[in-house]
*Asks:* 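Before I ask anything, here is the structure I am working with.
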Amino acid sequence: GAGVSQSPSNKVTEKGKDVELRCDPISGHTALYWYRQRLGQGLEFLIYFQGNSAPDKSGLPSDRFSAERTGESVSTLTIQRTQQEDSAVYLCASSFSGGITYEQYFGPGTRLTVT
Amino acid sequence: ILNVEQSPQSLHVQEGDSTNFTCSFPSSNFYALHWYRWETAKSPEALFVMTLNGDEKKKGRISATLNTKEGYSYLYIKGSQPEDSATYLCALQFHTGGFKTIFGAGTRLFVKA
């Protein structure tokens, strides 16, 4: 079946511009996670959605970052007034639920470069 | 701040060698531990999810153990093959009203033919 998809696969933007990244989770997956990996660093948790519950936004690095998810479908991660330190690979993952025994399925990522 | 530590940072082995790496975490924050494998230019792929102290999981030549009391997990690869070359990520999942996941920096494995 279809896996997690993300778009765009690559995005180059100028400092100060806003960008929007999209994630399509696997159908039926109620939990959705956003992570990023900056060069030379590990995966960094950004935000987590579980069904219609309030999202866990504790990993968002600044108020320039926001994310939305409509029901159990598509999610968008928005970065306003991008900075060079926002350059990273942004990964989305989904799972059947937020339950601890469910593995996460990752998308291919969006590589964001801020010039 | 919760830290998930992985060691070594990288590892070079010969084909056929068996190897293992470590993931350590604060035992008081344990809820579930995941291992993922991340090949270059691909997405991370789940290997194991473990929740109980003493859990052992196996998938082919790869196995993992979990000690929640002392806060560590080992990943073992028996008879390494070049296709095992990847970054192996450990992730701790804990409850904060949801199930936040914190990843370690990974162990980068290089298997030489």
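Sequence lines set the chain letters: A, B, ... in the order given, protein chains first and strands last, and positions in each chain run from 1.
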*Asks:* Return the set of residues passing side-chain contact (heavy atoms from CB on, under 4.5 Å) with E14(A) (not counting sequence neighbours), or none when no residue passes.
*Replies:* K17(A), T115(A)

*Asks:* Taking atom OG of S95(A) and atom CD of Q93(B), what is their separation to the nearest 0.5 Å?
*Replies:* 7.5 Å

*Asks:* For residues Y36(B) and I26(A): do they belong to one hydrophobic cluster (side chain heavy atoms under 4.5 Å, members Ile, Leu, Val, Met, Phe, Trp, Tyr)?
*Replies:*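 Per the 4.5 Å side-chain linkage, Y36(B) and I26(A) are not co-clustered.
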
*Asks:* Within a reach of under 6.0 Å around CD of E68(A), are more than 12 heavy atoms found that belong to other residues, nucleotides or ligands?
*Replies:*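 Atom CD in E68(A) is not packed in, count stays at 12 or less.
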
*Asks:* Counting only non-hydrogen atoms closer than 4.5 Å, does L47(B) touch chain A with its backbone (N, CA, C, O), its side chain (CB onward), both, or neither?
*Replies:*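 Contact with chain A: none, neither part.
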
*Asks:* Aromatic contact between F45(A) and F103(B), with the criterion being ring centroids under 6.0 Å apart: yes or no?
*Replies:*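 Centroid separation for F45(A) and F103(B): 6.0 Å or greater.
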
*Asks:* Counting only heavy atoms closer than 4.5 Å, note whether Q104(A) contacts chain B via side chain, backbone, both or neither.
*Replies:*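 The answer is both parts of Q104(A).
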
*Asks:* Starting from W34(A), can I reach V89(A) by hopping between I/L/V/M/F/W/Y residues whose side chains sit under 4.5 Å apart?
*Replies:* no

*Asks:* Answer yes if Y35(A) and I79(A) sit in the same cluster of Ile, Leu, Val, Met, Phe, Trp and Tyr residues linked by side chain heavy atoms under 4.5 Å apart, and no otherwise.
*Replies:* no

*Asks:* Nearest 0.5 Å, what's the OG-CD distance between S43(B) and Q6(A)?
*Replies:* 7.5 Å

*Asks:* Can you hop from Y33(A) to L60(A) via hydrophobic side chains spaced under 4.5 Å?
*Replies:* no

*Asks:* Measure distances from E44(A) to the heavy atoms of chain B and classify the residue's part below 4.5 Å as side chain, backbone, both or neither.
*Replies:*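 When you check distances to chain B, no heavy atom of E44(A) falls under 4.5 Å.
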
*Asks:* With only heavy atoms counted, which part of L43(A) is less than 4.5 Å from chain B, the side chain, the backbone, both or neither?
*Replies:*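 Both backbone and side chain.
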
*Asks:* Rounded at 0.5 Å granularity, tell me how far CD in E45(B) sits from CZ in F106(A).
*Replies:* 11.5 Å

*Asks:* Given the rule that I, L, V, M, F, W and Y join up when any side-chain heavy atoms are under 4.5 Å apart, are L89(B) and L109(B) in one cluster?
*Replies:* yes

*Asks:* Side chain, backbone, both or neither: which part of F48(B) has an atom under 4.5 Å from a heavy atom of chain A?
*Replies:* neither

